[in-house]
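The structure under discussion appears below in the form of structure tokens.
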Amino acid sequence: MVFDEFKHIIAESITGYLKECDVDEVRLTDITKNNDTKKTGILVMEKNESITPAIYLEDYFAGYQEGQDLEDILLDIAACFEESKQQGKSIYERDYNDLMDYEKIKDQIILRAVGLVNNQEYLEDKIYDVKKDMALVYFILLEKSESNLQTCAIHQGMLDNYGVSKNEISELAMENTQRLFPPTIKSMEDVLNEMILPYCQADHRSFEQSLCEMSQTGVGNIPCMLILSNEDCINGATSMFYPDILETITKELGTDVYVLPSSIHEVILVPKNGEIQENGLTNMVREVNETQVDDQEVLTNHTYEYCREVGELTIAGREKVKEQEPVEVNRAARKNIRSR
């Protein structure tokens with residue numbers, strides 16, 4: 001059985017496995033994710049409900065190819081749907097109109113960093129700011145708990161409905177992101193210890209405490225790699241754009257740093273000591289992205305650097321690059337052409 005046949009069988013059969021749902025419609029949809037990767041989702045629309053989770057079918061099809069029984073897969077999908085509904089109960093009980101009310105969502109608007117070059121389709125209908133070869137995309141945080149994080153991208157139509165411009169919400173979105181996803185900085189050794197000893201007591205040091213301890217070791221003893229992320233370790237690469245954060249880090253460490261985008265979830269800071277070759281770092285980033293990082297979690301293939309004297313994040317080995325505003329200008333131009 002090929003995937004196309006599989007997904008239609010699932011869509012036609014799933015209603016019989018959703019005993020507690022008053023199903024109005026089952027729909028298949030193609031969803032463009034980060035880096036323009038494509039996923040097929042199944043949507044179960046219930047009567048009198050305006051929001052529903054999308055359950056992606058690719059992993060279930062892989063299970064089928066490995067010999068899993070189709071009925072077991074349908075039971076798993078039904079269980080996943082019910083679990084998603086329970087985890088995000090406050091979301092699915094919410095009226096869709098709430099998402100259209102700026103006063104109700106303004107304190108939940110956040111930013112998420114993605115690559116620019118490989119996200120042309122993904123970004124086409126979203127609101128974002130260009131940062132070098134990256135984009136900060138605007139989202140509404142719907143649910144945040146230890147086991148659940150759900151967001152909704154802000155589209156131009158939503159912004160028009162709010163009656164505000166992107167510039168008006170830019171500062172607010174950054175403040176919200178810092179408040180809801182505080183930054184963390186750890187040495188590579190600390191991160192490896194947490195991976196090896198997951199049942200040890202968690203490290204609850206704040207960003208400021210961790211940075212202070214590192215700065216007190218002296219430049220000669222600074223860890224060779226530092227991990228900058230957020231407390232949830234989800235979309236933590238965004239933290240490199242927090243106001244003054246790289247300035248604060250380099251000032252405390254007493255050295256400029258290279259910034260390696262290891263994924264959308266974190267970046268690696270490498271203190272500049274004059275011995276490291278920029279090309280070698282960039283090659284390492286590219287190789288790791290190609291062999292170790294899931295396609296959806298790749299940020300970019302570039303190495304960046306932050307120089308204390310300049311006070312700006314730049315692409316390593318290049319002259320200062322003007323932010324690529326024409327990307328959004330071209331998108332607007334295409335709309336004008338279509339409307340003629």
Side-chain angles (χ1 to χ4, degrees), residues 1-96 98-99 112 114 118-126 137 139-155 157-158 234-235 263-265 293-298:
M1 183 188 304
V2 297
F3 181 68
D4 191 62
E5 183 181 359
F6 172 84
K7 68 182 184 182
H8 284 101
I9 289 176
I10 296 297
E12 292 165 2
S13 307
I14 191 62
T15 301
Y17 293 81
L18 298 168
K19 305 301 183 184
E20 304 298 323
C21 299
D22 189 6
V23 179
D24 182 46
E25 179 187 6
V26 176
R27 187 188 311 162
L28 293 169
T29 182
D30 292 326
I31 300 173
T32 301
K33 305 291 285 182
N34 187 40
N35 292 321
D36 285 350
T37 54
K38 303 295 191 297
K39 293 285 187 180
T40 296
I42 185 169
L43 306 177
V44 178
M45 308 301 298
E46 295 183 83
K47 294 178 181 177
N48 302 317
E49 296 283 353
S50 56
I51 302 175
T52 189
I55 299 174
Y56 302 118
L57 297 179
E58 281 77 7
D59 287 345
Y60 292 104
F61 181 62
Y64 174 79
Q65 289 181 309
E66 293 172 1
Q68 188 175 4
D69 185 76
L70 192 60
E71 183 170 359
D72 289 339
I73 291 173
L74 286 160
L75 288 168
D76 287 347
I77 292 173
C80 180
F81 178 79
E82 294 294 344
E83 183 179 356
S84 296
K85 290 277 290 184
Q86 288 302 314
Q87 286 183 342
K89 193 171 183 180
S90 61
I91 299 174
Y92 305 117
E93 290 177 347
R94 180 185 299 173
D95 192 312
Y96 176 75
D98 288 350
L99 295 180
R112 181 182 299 173
V114 301
N118 294 326
N119 272 304
Q120 294 301 296
E121 183 178 345
Y122 175 74
L123 294 172
E124 194 169 46
D125 60 349
K126 294 179 176 62
V137 188
F139 287 84
I140 300 170
L141 179 62
L142 300 175
E143 182 84 4
K144 182 176 185 288
S145 64
E146 289 186 5
S147 61
N148 193 35
L149 181 69
Q150 299 196 38
T151 59
C152 170
I154 297 179
H155 302 266
M158 298 169 69
I234 298 175
N235 300 305
S263 79
I264 58 174
H265 301 303
V293 184
D294 185 89
D295 289 344
Q296 285 185 232
E297 298 187 346
V298 171

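Within a 6.0 Å sphere centred on OH of Y64, heavy atoms belonging to other residues, nucleotides or ligands number 12 at most.
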Hey, can you pull the donor-acceptor pairs under 3.5 Å for the side chains in residues 3-17, sequence neighbours left out?
| unit_1 | atom_1 | unit_2 | atom_2 | d |
| --- | --- | --- | --- | --- |
| D4 | OD1 | K7 | NZ | 3.4 |
| H8 | ND1 | D4 | O | 2.8 |
| S13 | OG | I9 | O | 2.8 |

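Pairs of residues two or more places apart, or lying in two chains, that qualify as salt bridge (Lys or Arg N to Asp or Glu O under 4.0 Å) and include a residue from residues 24-39 are E25-R27, K38-E121. Note on residues 70-81: no pairs pass salt bridge (Lys or Arg N to Asp or Glu O under 4.0 Å), not counting sequence neighbours.
When side chains are defined from C-beta on, F61 does not count as touching I73, because their heavy atoms never get closer than 4.5 Å. The closest side-chain heavy-atom distance from Y56 to I31 is below 4.5 Å. Contact annotation: the side chain of L142 never approaches that of T151 to less than 4.5 Å [non-hydrogen atoms, C-beta and beyond]. Side-chain contact between V114 and L123 is present, with heavy atoms from C-beta onward closer than 4.5 Å. For the pair T40/E58, a side-chain contact is recorded, criterion being any heavy-atom separation below 4.5 Å from C-beta on. Between V137 and N119, every side-chain heavy-atom pair lies at or beyond the 4.5 Å cut-off.
Residues satisfying the salt bridge (charged side-chain N to carboxylate O under 4.0 Å, His left out) criterion with E297, sequence neighbours excluded, are absent altogether. Not a single ring-ring contact (aromatic ring centres under 6.0 Å, His included) links Y60 to another residue, sequence neighbours left out. Applying the salt bridge (charged side-chain N to carboxylate O under 4.0 Å, His left out) rule to D22 yields the partners K47; only residues at least two apart in sequence or on another chain are considered.
Pairing each heavy atom of N34 with each of T37, the nearest pair is O-OG1, 2.9 Å.
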Trace of the side-chain contact (heavy atoms from CB on, under 4.5 Å) decision for V44 with I55: CA-CA 9 Å; V44 178; I55 299 174; over 6 Å; no
side-chain contact (heavy atoms from CB on, under 4.5 Å) for M158 and I140? Distances and angles first, verdict last. CA-CA 11 Å; M158 298 169 69; I140 300 170; 3.7 Å; yes
D295 vs N35, side-chain contact (heavy atoms from CB on, under 4.5 Å): CA-CA, chis, key distance, verdict: CA-CA 7 Å; D295 289 344; N35 292 321; 5.7 Å; no
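Rounding to the nearest 0.5 angstrom, the gap separating the CD1 atom in I264 from the CD atom in Q296 is 8.0 Å. Rounded to the nearest 0.5 Å, atoms CG (N235) and OG (S263) are 9.0 Å apart. Rounded to the nearest 0.5 Å, atoms CG (L149) and CD (E143) are 9.0 Å apart.
No donor-acceptor pair closer than 3.5 Å links the side chain of T29 to the backbone N or O of G41. Side-chain N or O atoms of H265 include none that pairs as donor or acceptor with a backbone N or O of I234 at under 3.5 Å.
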